Colleague: 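I have a structure here, written as structure tokens, and I will follow up with some questions on it.
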Amino acid sequence: MADRTNDTEVIYKKDGTKVAEGEKGSLTTAITGLTGGTVVATGDYQITFKDSVTGLESDKVDIPGFTVEKAPEQPANVKTTATDDGVKVTAG
């Protein structure tokens, strides 16, 4: 395996727009800001290694497809019932 201590990961959209760049040597980068439930196809995003010394980048490689986790729906029908030392809260 190649020495990646001077490399950063760079992520692009398939149209070439730069989305994110990781920290030198960390080999971890995040794509953020996507809506929960979004389905991303293989190749919608691509990744390269960038040498922090020379600034040169490797060829782009497709990132495998994924689905962004979706948070549960917000509580509804919130009700409270007083108790002798506080309140009991229920939601549906």
Side-chain angles (χ1 to χ4, degrees):
M1 186 171 184
D3 177 12
R4 300 285 183 201
T5 55
N6 287 318
D7 291 349
T8 60
E9 292 179 344
V10 184
I11 297 177
Y12 296 91
K13 288 183 178 180
K14 66 181 174 184
D15 68 4
T17 304
K18 184 177 172 179
V19 173
E21 185 166 341
E23 293 183 30
K24 182 173 98 170
S26 74
L27 304 183
T28 302
T29 308
I31 299 170
T32 60
L34 301 176
T35 303
T38 299
V39 177
V40 177
T42 296
D44 281 354
Y45 290 92
Q46 298 176 317
I47 188 169
T48 68
F49 280 127
K50 178 180 173 184
D51 185 303
S52 63
V53 176
T54 65
L56 297 174
E57 288 189 45
S58 69
D59 290 336
K60 293 177 181 172
V61 174
D62 289 345
I63 293 175
F66 58 92
T67 300
V68 179
E69 291 183 15
K70 188 173 184 177
E73 291 182 21
Q74 67 187 31
N77 302 319
V78 179
K79 297 177 182 168
T80 60
T81 305
T83 64
D84 60 357
D85 65 347
V87 69
K88 182 170 125 181
V89 180
T90 59

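Bear in mind that the values here come from a model prediction, so they are computed numbers and not experimental data.
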Colleague: Measure the spacing between CD1 of I31 and NZ of K13 and express it to the nearest 0.5 Å.
Modeller: 10.0 Å

Colleague: Closest heavy-atom contact between A91 and P75?
Modeller: CB-CB, 3.9 Å

Colleague: Between K50, K24, E21, which is the residue that forms a side-chain hydrogen bond (donor to acceptor under 3.5 Å, both in side chains) with T8?
Modeller: E21

Colleague: Given 3.5 Å as the limit, does a donor-acceptor pair link the side chain of Q46 with the main chain of K60, or not?
Modeller: no

Colleague: Under 4.5 Å between side-chain heavy atoms, hopping through other hydrophobics if needed: is there a path connecting I47 to L34?
Modeller: yes

Colleague: Supply the atom-to-atom distance E57 CD to D51 CG, rounded to the nearest 0.5 angstrom.
Modeller: 10.5 Å

Colleague: Would you say S52's side chain and N6's backbone share a donor-acceptor pair under 3.5 angstrom?
Modeller: yes

Colleague: Does any N or O in the side chain of S58 come within less than 3.5 Å of the main-chain N or O of F49, such that one atom is a donor and the other an acceptor?
Modeller: yes

Colleague: Do F66 and V19 land in one hydrophobic cluster if side-chain heavy atoms of ILVMFWY residues count as linked below 4.5 Å?
Modeller: yes

Colleague: Please check if V78 and V87 belong to a single hydrophobic cluster, counting links between Ile, Leu, Val, Met, Phe, Trp and Tyr side chain heavy atoms closer than 4.5 Å.
Modeller: yes

Colleague: Under 4.5 Å between side-chain heavy atoms, counting indirect links through other Ile/Leu/Val/Met/Phe/Trp/Tyr residues: same cluster for Y12 and V61 or not?
Modeller: no

Colleague: According to a 4.5 Å side-chain heavy-atom criterion applied to Ile, Leu, Val, Met, Phe, Trp and Tyr, with indirect links allowed, do I11 and L27 form part of one hydrophobic cluster?
Modeller: no

